[in-house]
There are 2 protein chains.
Amino acid sequence: MKIDPNSSADLSVQIAQAIKDSIIAGELDVGERLPSEAELADHFQVSRPTVREALKRLAAQSLIRSQRGASGGAFVNRLSFEDAYSQQITTSTLLLSMNAVSFDTACEARYALERACAPLSAERRSPDHLATMRAEIFRQGQPGLTDEAFCASDVAFHRALVDGAGNPVLSYQLAGAVEAMQPLMNMITFTARDRERIVELHGQIADAIEQRNSQAADLALSELTAYTLELGTKAMAARASRHQNRSNVENSK
Amino acid sequence: MKIDPNSSADLSVQIAQAIKDSIIAGELDVGERLPSEAELADHFQVSRPTVREALKRLAAQSLIRSQRGASGGAFVNRLSFEDAYSQQITTSTLLLSMNAVSFDTACEARYALERACAPLSAERRSPDHLATMRAEIFRQGQPGLTDEAFCASDVAFHRALVDGAGNPVLSYQLAGAVEAMQPLMNMITFTARDRERIVELHGQIADAIEQRNSQAADLALSELTAYTLELGTKAMAARASRHQNRSNVENSK
DNA sequence: GACTTTTAAATGTCAGACAAATGATTTCTG
DNA sequence: CAGAAATCATTTGTCTGACATTTAAAAGTC
């Protein structure tokens, strides 16, 4: 575990990388305690604040956690699925919002991933997952629901579908895609008819999953994909025309 | 953008969160410059090292980048797909290695995601993607290839398949799953016969993608899934029996 | 033996300083 | 006046040293 003081890279970056490499290589096991900041500073021949900046970088990625006190120190963290979820959601959200990913692209990705889960979910879903799906469908049918609440329920429904596959890796991968799409989905205004159609398709999906009929589930999901894309296209067109009007007004001043 | 000095949370964590929230809320746009460290320290009523630790946390997530010099400072980063890739690969790798995800689970997730891409790839793949796939298949048939090189080529092949779908969100999601599985795949020792079979299936996949036949691609992928699972099961069993033998030896001392 | 107090070790925070990089400004030169 | 060179100011990167806070373990007390 060494660093090059003559490198152009910042020392704290190099130190963080060195420790990270040790963790990935398995030289530092989960739960193991790193040397104290003072010892690390001594080892790398840098000051304690520099070591601290390196440790903070690692802490930001949930790679280590710090404890104060007598037997405190920095410990190698067991990266939990939950930590990974939340990191992925943050990353995906920023990625979508900063890179102007089109609604179509995000939507396509989301449903492609969900359709990958559906056959597994049809095979393995527990009564719990089915109950969650049915409950969310019921909620979605309630009048007076805001668009945001409708979207949130939609996410919960699809989350149950994905979790039904019983594969934590898939759940983890999809959490990012689905949750990150919510801001985009929130741009859509759902009419009563839209909701009716969506609830109907959700019902078909739940039925198919209940009957362990993966083909029917895939069919319903593909219809839902097409319908969501249609709604998205309309919403984007409406936004565009509003912008167009506004510029026209501004130009005519 | 405020913090609570009486909170139990560390100040640098609170400051990092406050800035992160501002970025996500869009109060700070991409490319915008944050106040200097001294100004931030003044604003939050903390010392500069504390502000710096907060900024390092954000830099670790590629949310900001720092520049030295007269018109330097911290700038809100446009999170690139590449940054997101590499973060996801690190996270996925650690998740798999630290949580004892079974080979079966990881394998299932990987191929489920790939099968989600295959229809899109069949529709949209460019000659470039096909050429990459063919080249990797050729490489995989070369004698004397190490298991690691074979695995790496396998990853490149599947990467081309995924990229063929022309959906950067899907590519990003899958990069993590596929690359993170490489350490697990490296546990497998491929016999000449194994490789022959895999190359054959890869050929079938490439053919199907070339002919835009998504059904055939799905079929070949499902066979490849089953075959990989079989190989994995064998490899794990072999490992387990080696461990068993070792314990027996140790117990009989 | 159970409870309280002390202590030592570690991280968290602060203050001030200097080094290094870098763009802007000024000065010098032709 | 134009362009090149030198200088300057600003900002991050790093260092030194110190104190505050937390925490577990050791020591002391009843």
Side-chain angles (χ1 to χ4, degrees), chain A residues 1-20 22-23 28 31-77, chain B residues 1-20 22-23 28 31-77:
Chain A
M1 209 154 76
K2 288 203 176 130
I3 59 170
D4 172 17
N6 300 322
S7 162
S8 64
D10 290 350
L11 291 173
S12 69
V13 172
Q14 292 183 58
I15 294 170
Q17 191 60 50
I19 298 176
K20 190 176 187 172
S22 294
I23 294 175
L28 292 165
E32 197 167 330
R33 181 179 171 281
L34 269 65
S36 73
E37 294 176 354
E39 287 170 312
L40 285 172
D42 199 53
H43 173 68
F44 288 117
Q45 289 288 300
V46 297
S47 68
R48 194 159 82 93
T50 303
V51 167
R52 282 182 62 78
E53 286 180 9
L55 294 179
K56 295 312 150 202
R57 294 186 123 99
L58 299 177
Q61 299 172 281
S62 306
L63 271 164
I64 62 169
R65 87 194 102 86
S66 290
Q67 262 174 21
R68 294 220 277 201
S71 63
F75 297 83
V76 179
N77 219 352
Chain B
M1 210 154 77
K2 288 204 176 127
I3 59 171
D4 171 18
N6 299 322
S7 162
S8 64
D10 290 350
L11 290 172
S12 69
V13 173
Q14 291 183 59
I15 294 170
Q17 191 60 51
I19 297 175
K20 190 175 184 172
S22 293
I23 294 175
L28 291 166
E32 197 167 331
R33 181 179 170 282
L34 269 65
S36 72
E37 294 176 355
E39 286 170 313
L40 285 173
D42 199 53
H43 173 69
F44 288 117
Q45 289 288 298
V46 298
S47 68
R48 195 159 82 93
T50 303
V51 166
R52 280 183 62 78
E53 285 181 9
L55 294 179
K56 294 312 150 202
R57 294 184 123 97
L58 299 176
Q61 298 172 278
S62 306
L63 272 164
I64 61 169
R65 86 194 103 85
S66 292
Q67 264 174 18
R68 294 219 277 205
S71 61
F75 297 83
V76 179
N77 220 352

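Keep in mind that this is a model prediction, so the values were computed, not measured. All values below were derived from every heavy atom in this structure, side-chain atoms included, with hydrogens, water molecules and symmetry-related copies excluded. Proteins come first, then strands; the chains are lettered A, B, ... in the order of their sequence lines, and each starts at number 1.
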Separation of atom [atom1] in [X] from atom [atom2] in [N], rounded to whole Å:
X: R48(B); N: dC15(D); atom1: CZ; atom2: C1'; result: 11 Å
X: E39(B); N: dT11(D); atom1: CD; atom2: P; result: 6 Å
X: R65(B); N: dT12(D); atom1: CZ; atom2: P; result: 13 Å

Exercise. Would you say dA24(D) has OP1 or OP2 under 4.0 Å from some side-chain N or O of S71(A)?
Worked result: no
For this session: Check whether any side-chain nitrogen or oxygen of R52(B) sits under 4.0 Å from OP1 or OP2 of dG13(D), and answer yes or no.
Result: yes
The side chain of [X] lies closest to which of these nucleotides: [options]?
X: R68(A); options: dT16(D), dT12(D), dG12(C); value: dG12(C)
X: E37(B); options: dG12(C), dT14(D), dG13(D); value: dG13(D)
X: A70(B); options: dG12(C), dA10(C), dT10(D); value: dT10(D)
X: S36(B); options: dT11(D), dT11(C), dC14(C); value: dT11(D)
X: L11(A); options: dA9(D), dT13(C), dT14(D); value: dT14(D)

Exercise. Any donor-acceptor pair under 3.5 Å linking the side chain of R33(A) with the backbone of G72(A)?
Worked result: yes
For this session: Answer yes or no: is there a donor N or O on one side and an acceptor on the other, between the side chain of E53(A) and the main chain of R52(B), under 3.5 Å?
Result: no
Seminar exercise, completed: Residues of residues 53-64 of chain B with a heavy atom under 4.0 Å from any atom of DNA chain D, listed by number, are K56(B)
Exercise. Pick the nucleotide of DNA chain D nearest each of G72(B) and G69(A); which residue has the one closer to the 5' end?
Worked result: G72(B)
